[in-house]
Participant: 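Structure in structure tokens, see below.
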Amino acid sequence: MRESNVYVKALKCISCSTEYAYGKLFSCDKCHEFLDVVYDMESVAEALSKSRFGRGNSLVEKYSQLLPVKGTKPAVSLGEGDTPLLTSHRLAEAMGLKKLYLKDETRNPSGTFKDRSVSVGVTVAGENDVMDVSTASTGNAGASLAAYSARAGMKCRIIIPATASPTKLVQAMAYGATIIPIQGSVDAALSLLREAHDAWGWYPIPTSGPINPYQAEGAKTIAYEISSQLKHKPPDWVFYPICGGDNIAANWKGFKELEMLNMAGIPPKLVGVQASACDSLVEPLREGHERIRTIRNPKTIASSICIEYPPTGLAALRAIKESKGVAIGVTDEEMLEAQSLLAAREGLFAEPASASVVAALKRLVDQGVVAREDTVVCVITGTGLKETAVLRERYVLPRAVPATKEGIASAA
Ligand SMILES: *Cc1c(COP(=O)(O)O)cnc(C)c1O
């Protein structure tokens, strides 16, 4: 039975296909895999019209037919999404590409694409009268949930590695969240969420599908927007940085939904970019198996994509494989180089984890995998403003000069 405008049929395990009713949290009880939200696509097709899709006052309103919301309460929104697809000129030239676009997710309210998923997650929580939310995060998802829970008047707790960027912690604290730094990785933080839920009822909204399958739907709106911004002709390639794997998996679903609804052409090939220190998807994709390895204590400056085991890795791996894309690992040095290219050639300041896509693109163009005529979109997931500590050595501030004409001439 449908409750108001929910078109959700069931939640279905991506591994064993067991179905669960709308409302279940966490993963499959049998195999602990990700539960995918399945829609009644016939009803969605009836309810949708191309002209109405994407219209509304919030992300949730714009795409409500393909999001797991009931619509019984106003969406919790801070003006997320609807980010520009910038045409690249000077970076495209440096790469030798004809058609390169940058999907600028740094413009979201808390500075990253996480706001898309979190707006959906907090809206669903509100519809269920939840007042107490929690997350495990490397930083950005925490800051995002802190912002949206403040907006909704909910209490927010964030379990986070103590090594997270101080700026991200301060941002979350400014929104009024309780920060719980742990002496451990984001992997440990994610498992503690389950224990906290069972012990004290904290409702989890991390941007991790195997914990909260509802928020996981939010990220696919990036695919909807890219498609519409390119006049319903998806590009040849879209590049995403991968941590848990949620964003790329959700985007693949989004592109496929549009194709299924005859609202866009053939989905693009997806490139998943990891830090080489934890490139757990590269080998399984190359060798054609699905056994994702845990990589202990990876070290990278790209904190947002630093993870031992990607919880949504299987869905991400299948997305890349089905799309005929690739996974690639890039080094810290390559990311820093790409970060300055992106900033100095396009005026877009992204964090190193986000710049990883530009580093990967450079390699794949050099290798001839991406052709110069191909249409390419790089999703620039988050702002560089929160990760300046890792740049202290790269950009040494010049000494102050006397406040005179001669003084500034000496430094110009
Ligand atoms: C979370 C995050 C990612 C990784 O996204 P996943 O959905 O976890 O794969 C990439 N870049 C930034 C800036 C992030 O905050």
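Read the numbers this way: they start at 1 and go in the same order the structure lists the ligands and their atoms.
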Participant: Quick one about Y203 and D132 (side-chain donor to acceptor, distance below 3.5 Å, no hydrogens or angles considered), yes or no?
Facilitator: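 No - no donor-acceptor pair under 3.5 Å links their side chains.
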Participant: List the residues meeting ring pair (Phe, Tyr, Trp, His ring centres under 6.0 Å) with F34, not counting sequence neighbours, and say none if there are none.
Facilitator: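 Ring pair (Phe, Tyr, Trp, His ring centres under 6.0 Å) list for F34, sorted by chain: empty.
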Participant: Do F255 and Y224 have ring centroids that are under 6.0 Å from one another?
Facilitator: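 Distance test on ring centres: not under 6.0 Å, no.
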Participant: Do the side chain of S227 and the main chain of A223 share a donor and acceptor less than 3.5 angstrom apart?
Facilitator: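 No, because the side chain of S227 does not come within donor-acceptor range (under 3.5 Å) of the backbone of A223.
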Participant: Look at the rings of H197 and F26 and say which category their plane angle falls in: under 30° parallel, 30 to 60° tilted, over 60° perpendicular.
Facilitator: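 Judged by the thresholds at 30° and 60°, the geometry between H197 and F26 is perpendicular.
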Participant: Going by atom types only, do W237 and D374 share a side-chain donor-acceptor pair under 3.5 Å?
Facilitator: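 A pair is found: one side chain offers a donor N or O, the other an acceptor, under 3.5 Å apart.
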Participant: If you count only heavy atoms, which residues are under 4.0 Å from ligand 1?
Facilitator: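 If the criterion is a heavy atom under 4.0 Å, then ligand 1 touches F113, K114, N140, P241, I242, C243, G244, G245, D246, N247, S304, I305, E351, S354, T381, G382.
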